[in-house]
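What follows is a short report on a single structure.
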Amino acid sequence: MTERPHLAVVGAGPAGLAAALAAAARGVRVTLLDAAEQAGGQFYRRPAAALGARRPQALHHQWRVWERLRDGLDRQLSTGHVRHLPDHHVWCVDRTDRRDRTDGTDHPVDTGVNRGGAPGGVFAVHALRGPLQEEGVTVRADAVLLATGGYERVLPFPGWTLPGVVTAGGAQAMLKGGLVLPGRTVVVAGTGPLLLPVACGLAAAGARVAALVESAGPKALPRHARALAAQPGKLAEGALYAGKLLRHGVRPLTRHTVVEAHGTDRLTAVTVAALDRDGGLVPGSARRIPCDALAVGHGMLPHTDLAETLGCALSGTDVRVDDEQRTDVPGVWAAGEATGIGGAALALAEGHIAGRPVAARLHGTLPDPRRWAGAARARGRLREFSAALDALYAPPAGWADRITDGTVVCRCEEVTAGQVRTSVDVLGAGDPRTVKLLTRAGMGWCQGRMCGPAVAGLSGCPATPGRRPFARPVPLGVLARLPEDEPG
């Protein structure tokens, strides 16, 4: 009996789940690796069972979609077509010359030469297992689908390192995953569509949302009216959130920004001010708002570490893919936020599409685009909608000029804005890598993922992707025990 071809999916969020289910339904054996203990990703994050949440659906507005994904995953797990490996932190994916596949573990099963029509040979997906991330696991597969999601863009300001200041997504994760609030009186600030559901969720959970501070303004809406009007469901969703905020007594402050966070041992207040049409502060508009928590966010960036390690081309900050969600590296597909930030609906459409051509090509047949034509149309509309949101919710101009020299920019290495500016103005740095070498900004635990956008903005250098061999720190013992590839 011929063994099913094997696909490794990295990431069990909306895109990864949709792709895994589509491929498994078409005769592909799928190993689904994810860093979280439960499938669903950040969007469908749920409280741990030990917390005894009686109505976790109250924290989500697309619970029925999640139930369909969950039920589909359960069915595929029961048949053995999908293997879910939670708490597996993937740190590298590489191509090997080996012509064997495995049963989803690091124990090879010899199957002879690579399957006809399967692109790219055998891939090795290296992960760290468990909460301590000290045990190495290698999964080999015929193809890989990267659904690695995104992370928040962090723009510093004076006082942003105070306890009580969290990212908007971090506040949402605390609520969804831990049923806890970042504070009792919260200011939600920054820019982007994430701010509305975060503010609504916090208010519904009992926090007093002292202000919703949005740097974008309604005057920019007409320029993107066509793309926005093409998604009436999204507009209705936004209106629903706005209505909920009004019922909680929260009136958004549009064209405003946080200037400074105040406090000694922890946050006690924030100062906000109005923005003029050029992104500058309006004189005399500053106001101080008492609070014990600030949830601040300025949009998202794609997680591309694994794709860059494999040599996948990027388009700006996004992994470049074709109509099948294929990257330019044979055997590697990508879907979801890694290919461009667009939200859960777009991630589901891309995953739904990607799983079908993966399955066809692993079976040695040509994919038929007619099989996913509806999803492709939805993908096109959602991408256009997302592009409009990107333009509408861009970080305010001049944000870097408002960062004082004493403000810490790189928290890992405690590098200040003044040190970054000196590296450019005095020492002649002309790119982020040189700034990094001169200041150590980006050399810490996060390897520049958090401070990268801020360093680029402060230095006036274009942000460039940093290709790293590892997507996360790896114990030397794990590296020493990696299996050696045999000649193909």
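Atom set for the values below is all heavy atoms of this structure, side chains included, hydrogens, waters and symmetry mates excluded. Along the sequence shown, residues are numbered consecutively beginning with 1. This structure is a prediction, so every number in the text was calculated from the model and none was measured.
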> Do Arg472 and Leu128 pass the side-chain contact (heavy atoms from CB on, under 4.5 Å) test, and can you show the C-alpha distance, the side-chain angles, and the key distance before you say yes or no?
Replying inline: CA-CA 10 Å; Arg472 62 178 62 244; Leu128 300 173; 4.2 Å; yes
Checking [X] side chain against [Y] main chain: does a donor-acceptor pair fall under 3.5 Å?
X: Asp328; Y: Ala313; result: yes
X: Glu152; Y: Gly169; result: yes
X: Gln133; Y: Gly130; result: no
X: His248; Y: Leu246; result: no
X: Arg440; Y: Leu438; result: no

> Could you walk me through whether Leu245 and Cys200 pass the side-chain contact (heavy atoms from CB on, under 4.5 Å) check?
Replying inline: CA-CA 6 Å; Leu245 285 179; Cys200 283; 3.7 Å; yes
Closest approach of [X] and [Y], non-hydrogen atoms and distance?
X: Pro156; Y: Val408; value: CB-O, 4.0 Å
X: Gln62; Y: Ala344; value: OE1-CB, 4.5 Å
X: Thr304; Y: Ala338; value: CG2-O, 4.1 Å
X: Leu267; Y: Gly164; value: CD2-O, 4.0 Å
X: Ser386; Y: Gly342; value: OG-CA, 3.2 Å
X: Ala12; Y: Asp34; value: N-OD1, 2.9 Å

Please name all residues satisfying side-chain contact (heavy atoms from CB on, under 4.5 Å) with [X], sequence neighbours left out, ordered by chain then number.
X: Cys412; answer: Cys410, Trp445, Cys446
X: Glu384; answer: Arg226, Ala227
X: Ala242; answer: none

Would you call [X] and [Y] a side-chain contact if the rule is heavy atoms closer than 4.5 Å?
X: Leu155; Y: Pro395; value: yes
X: Phe157; Y: Thr404; value: no
X: Gln38; Y: Asp87; value: no
X: Pro302; Y: Thr339; value: no
X: Thr185; Y: Pro290; value: no
X: Val144; Y: Val125; value: yes
X: Pro357; Y: Trp372; value: yes
X: Val455; Y: Val415; value: no

> With sequence neighbours left out, what residues match Arg356 under salt bridge (Lys or Arg N to Asp or Glu O under 4.0 Å)?
Replying inline: none
> Just checking, Lys176 and Phe43: is the charged tip under 6.0 Å from the six-membered ring centre and within 45° of the axis?
Replying inline: yes
Looking just at side-chain N and O atoms, do [X] and [Y] make a donor-acceptor pair shorter than 3.5 Å?
X: Glu67; Y: Trp63; answer: yes
X: Thr254; Y: Glu214; answer: no
X: Thr416; Y: Gln419; answer: yes

>> Before you tell me yes or no, could you show the steps for Cys312 and Val332 under side-chain contact (heavy atoms from CB on, under 4.5 Å), namely the whole-Å CA-CA distance, both residues' side-chain angles and the distance that decides it to 0.1 Å?
In response: CA-CA 8 Å; Cys312 301; Val332 180; 4.0 Å; yes
>> Per the side chain to side chain donor-acceptor pair (under 3.5 Å) rule, what does the pair list look like for residues 68-77, sequence neighbours excluded?
In response: Gln76-His81
>> With side chain to side chain donor-acceptor pair (under 3.5 Å) as the rule and sequence neighbours excluded, what pairs involving residues 258-270 come up?
In response: His262-Thr271
>> With side chain to side chain contact (heavy atoms under 4.5 Å, CB included) as the test, pick out the partner of Val188 among Leu195, Leu294, Leu196, Leu194.
In response: Leu195
> According to the ring-ring contact (aromatic ring centres under 6.0 Å, His included) rule, which pairs have a member within residues 380-412, sequence neighbours left out?
Replying inline: none
Pairs meeting criterion salt bridge (charged side-chain N to carboxylate O under 4.0 Å, His left out) with involvement of [range], two or more places apart:
range: residues 443-462; answer: Asp305-Arg449
range: residues 273-297; answer: none
range: residues 316-327; answer: Asp322-Arg326, Glu324-Arg326, Glu324-Arg361

> Taking only residues two or more places apart in sequence or in another chain, which ones pass ring pair (Phe, Tyr, Trp, His ring centres under 6.0 Å) with Tyr151?
Replying inline: His303
>> My understanding is that only residues two or more places apart in sequence, or in another chain, count here; which of them pass ring pair (Phe, Tyr, Trp, His ring centres under 6.0 Å) with Trp91?
In response: His126, Phe470
>> For Arg383, is there an ion pair with Glu350 - N to carboxylate O distance below 4.0 angstrom?
In response: yes
>> Using the rule given for side-chain contact (heavy atoms from CB on, under 4.5 Å), can you reason through Thr167 versus Gln172, listing the C-alpha separation, both sets of side-chain angles and the distance that settles it, and then say yes or no?
In response: CA-CA 9 Å; Thr167 64; Gln172 189 179 57; over 6 Å; no
